[in-house]
S.K.: 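Okay, here's the structure, questions in a sec.
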Amino acid sequence: NLGTVPANEVTTKHIDFESDFSSTPVVVASLNIVTNLTLYSDVSVLATEATTKGFNLRLLNNTNNDFIATVDWIAIGK
């Protein structure tokens, strides 16, 4: 659970893997919005700056409303 994502902001959260990968994995993230929004096209999530130890989740909220979100993600080693 990422909690509340503020309106018109980019929020970053660092995620550490439970175990290190031997090489940088591919990370895919999916945003689950708990709050009711009308402009879903104006919010997104990115998995960025992946390393063997973790990555950053970036949540982009380009609406005038805060929202509550969770993110599902998977890291796949090469």
S.K.: Could you check whether Asp72 and Asn32, counting side-chain N and O atoms only, form a donor-acceptor pair closer than 3.5 Å?
M.R.: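 Yes.
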S.K.: Taking all atoms of both residues into account, what is the closest heavy-atom pair of Lys78 and Ser23, and its distance?
M.R.: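 Taking every non-hydrogen atom into account, CB-OG, 4.0 Å.
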S.K.: What's the separation between atom OG in Ser30 and atom CD1 in Ile74, rounded to the nearest 0.5 Å?
M.R.: 11.5 Å
S.K.: Which distance, rounded to the nearest 0.5 Å, do you find between the CG of Asp20 and the NZ of Lys53?
M.R.: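 Rounded to the nearest 0.5 Å, the CG-NZ separation comes out at 4.0 Å.
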S.K.: Under a 3.5 Å threshold, yes or no: a donor from one side chain and an acceptor from the other, between Asn65 and Thr63?
M.R.: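 Checked: Asn65/Thr63 side chains show no N/O donor-acceptor pair below 3.5 Å.
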S.K.: Between Thr12 and Leu57, is any pair of side-chain heavy atoms under 4.5 Å apart?
M.R.: no
S.K.: Less than 4.5 Å apart, side chain to side chain, heavy atoms only: is that true for Phe67 and Asn61?
M.R.: yes
S.K.: Looking at Ala50 and Thr24, what are the two nearest heavy atoms and their distance?
M.R.: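 Heavy atoms of Ala50 and Thr24 come nearest at O-CG2, 3.4 Å.
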S.K.: Assess whether side chain to side chain contact (heavy atoms under 4.5 Å, CB included) is satisfied between Phe17 and Val27, documenting all intermediate values.
M.R.: CA-CA 11 Å; Phe17 299 131; Val27 181; 4.1 Å; yes
S.K.: Is there a side-chain contact between Asp66 and Val5 (heavy atoms, below 4.5 Å)?
M.R.: no
S.K.: Would a single hydrophobic cluster contain both Trp73 and Val45, if residues Ile, Leu, Val, Met, Phe, Trp and Tyr are joined by side-chain heavy-atom contacts under 4.5 Å?
M.R.: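 Linked within one cluster.
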S.K.: Give the C-alpha distance, both sets of side-chain angles, the deciding distance and a yes or no for side chain to side chain contact (heavy atoms under 4.5 Å, CB included) between Val43 and Leu60.
M.R.: CA-CA 5 Å; Val43 297; Leu60 294 78; over 6 Å; no
S.K.: Mark yes or no for whether His14, through its side chain, and Phe55, through its backbone, hold a donor-acceptor pair below 3.5 Å.
M.R.: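 Judged by distance alone, yes, a pair lies under 3.5 Å.
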S.K.: Would you indicate whether the side-chain heavy atoms of Ser22 and Thr52 approach each other to under 4.5 Å?
M.R.: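 Result no, sub-4.5 Å side-chain heavy-atom pair not found.
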S.K.: Are Ile15 and Val71 connected into the same hydrophobic cluster when the rule is that any two of I, L, V, M, F, W, Y join if their side-chain heavy atoms are below 4.5 Å apart?
M.R.: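 Yes; tracing contacts between hydrophobic side chains, which count when under 4.5 Å, links both residues.
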S.K.: Give me the one residue out of Val10, Leu46, Leu31 that meets side chain to side chain contact (heavy atoms under 4.5 Å, CB included) with Leu59.
M.R.: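 Going through Val10, Leu46, Leu31 one by one, the side chain to side chain contact (heavy atoms under 4.5 Å, CB included) with Leu59 is satisfied by Leu31 alone.
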S.K.: Glu49 and Asn56: side-chain donor and acceptor closer than 3.5 Å?
M.R.: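 Their side chains do contain a donor-acceptor pair, which is all the 3.5 Å distance test asks for.
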